[in-house]
Amino acid sequence: MAHVVILMGSKSDEEKVSPCVDVLKSLGIDYVFTVSSAHRTPERTEALVRDEEAKGARVFICAAGMAAHLAGAVAARTSRPVIGIPVSGGSLAGMDALFSTVQMPPGFPVATVALDKAGARNAAWLAAQILAVADPALHGKIEAARAKMRADVEKAGEEISKKYA
């Protein structure tokens, strides 16, 4: 059973979206990662949402650039949480994707994260936090990962302080 479904609008987005997979793997979260376009393959998108939800998907992560309607198209077809990753590209440096992803009508929200790789990582972290509400073991993994992040920053701070003392 996949707990998280990651959809990207184009294979060309893979490099920017794949860090999402790294975070999910590190936390032991099952996922499906595929391509589907809100515009070019709307029937595929609808079928994927329906089929994956029936298989137990709990969170959808959608990455798209330019018009970036994928997250909204998915939010229109499920009441499960949808997280949008705006992907940069084209002449507007991702601003078009950001606005398209974040501007949703009431009742069909899309939680929108940062663009590209940073957004992909945070989309996975947010999905994990959503799942952890009902999963104490996952909550513990998230807490442990955050503790390691804090320790890494403290270690780096000490190293820099010594280097420039």
Side-chain angles (χ1 to χ4, degrees), residues 1-90 92-135 137-139 141-142 145:
M1 165 178 54
H3 286 94
V4 177
V5 177
I6 308 162
L7 303 174
M8 58 184 176
S10 173
K11 185 172 180 354
S12 65
D13 299 332
E14 182 179 4
E15 182 183 334
K16 295 174 181 175
V17 180
S18 62
C20 183
V21 171
D22 299 335
V23 172
L24 295 175
K25 280 183 179 179
S26 75
L27 295 170
I29 297 172
D30 294 332
Y31 63 90
V32 169
F33 187 22
T34 192
V35 175
S36 195
S37 170
H39 301 108
R40 294 180 299 265
T41 60
E43 296 84 6
R44 174 179 166 75
T45 301
E46 184 170 4
L48 281 166
V49 172
R50 182 182 57 248
D51 294 347
E52 293 300 333
E53 195 173 75
K55 293 176 188 174
R58 296 192 183 157
V59 179
F60 290 86
I61 298 174
C62 301
M66 300 176 73
H69 293 140
L70 184 58
V74 171
R77 289 166 175 82
T78 184
S79 58
R80 308 277 183 189
V82 176
I83 303 167
I85 306 168
V87 177
S88 63
L92 299 177
M95 293 302 292
D96 49 349
L98 175 61
F99 289 140
S100 294
T101 306
V102 77
Q103 294 291 347
M104 293 299 300
F108 298 87
V110 170
T112 306
V113 293
L115 280 85
D116 301 334
K117 290 181 179 183
R121 288 184 194 94
N122 270 342
W125 285 109
L126 180 55
Q129 288 176 304
I130 291 167
L131 296 172
V133 168
D135 185 339
L138 180 56
H139 182 263
K141 289 179 183 180
I142 294 169

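Numbers here are sequence positions counted from 1.
Under the 3.5 Å distance criterion, the side-chain polar atoms of Arg50 are left unmatched by any main-chain donor or acceptor of Thr45. Counting only distance, with no hydrogens or angles, the side chain of Ser26 and the backbone of Val23 share a donor-acceptor pair below 3.5 Å. At least one donor-acceptor pair under 3.5 Å links the side chain of Asp116 to the backbone N or O of Ser88.
At a threshold of 4.5 Å between non-hydrogen side-chain atoms, the residues Val82 and Thr78 count as touching. In this structure, the side chains of Leu27 and Trp125 come closer than 4.5 Å at one or more pairs of heavy atoms. At a threshold of 4.5 Å between non-hydrogen side-chain atoms, the residues Tyr31 and His3 do not count as touching.
Within a 6.0 Å sphere centred on CD of Gln129, other residues, nucleotides and ligands contribute more than 12 heavy atoms.
Separation of atoms OG (Ser37) and NZ (Lys11) is listed at 15.5 Å; rounding is to 0.5 Å. Taking CD1 from Ile142 and CG from Leu131, the interatomic distance works out to 8.0 Å, rounded to the nearest 0.5 Å. Within the model, atoms CD of Glu43 and OG of Ser36 stand 9.5 Å from one another, a figure rounded to the nearest 0.5 Å. Ile130 CD1 to Arg58 CZ: the interatomic distance, rounded to the nearest 0.5 Å, is 12.0 Å. We find the CE-CD1 distance between Met8 and Ile85 to be 10.0 Å, quoted to the nearest 0.5 Å. To the nearest 0.5 Å, atoms CZ (Phe99) and OG1 (Thr112) are separated by 11.5 Å.
In plain terms, the two heavy atoms of Cys62 and Leu70 that are nearest each other are CB-CG, 4.0 Å. Of all the heavy atoms in Ala97 and Gly65, the pair that sits closest is CB-CA, 3.8 Å. Closest of all the heavy-atom pairs between Met104 and Gly72 is CE-CA, 3.4 Å. When all heavy atoms of Thr101 and Ala68 are compared, the pair lying nearest together is OG1-CB, 3.5 Å. Scanning both residues, Ala63 and Val87, for their nearest heavy atoms gives CB-CG2, 3.9 Å. Residues Arg40 and Gly9 approach most closely at NH2-O, 2.8 Å, considering heavy atoms.
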Just do the side-chain hydrogen bond (donor to acceptor under 3.5 Å, both in side chains) check on Thr34 and Arg44 with the steps written out, would you?
CA-CA 11 Å; Thr34 192; Arg44 174 179 166 75; 2.8 Å; yes

Could you go through the side chain to side chain contact (heavy atoms under 4.5 Å, CB included) check for Leu24 and Ile6 one step at a time?
CA-CA 11 Å; Leu24 295 175; Ile6 308 162; 3.7 Å; yes

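Considering Leu7, Val74, Val32 as possible partners of Leu48, the one that fulfils the side-chain contact (heavy atoms from CB on, under 4.5 Å) test is Leu7. Shown are Ile29, Val21, Ile83; of these, the side-chain contact (heavy atoms from CB on, under 4.5 Å) with Val4 is made only by Ile29.
One finds a salt bridge joining Glu15 and Lys117 here, because a Lys/Arg side-chain nitrogen approaches an Asp/Glu carboxylate oxygen to under 4.0 Å.
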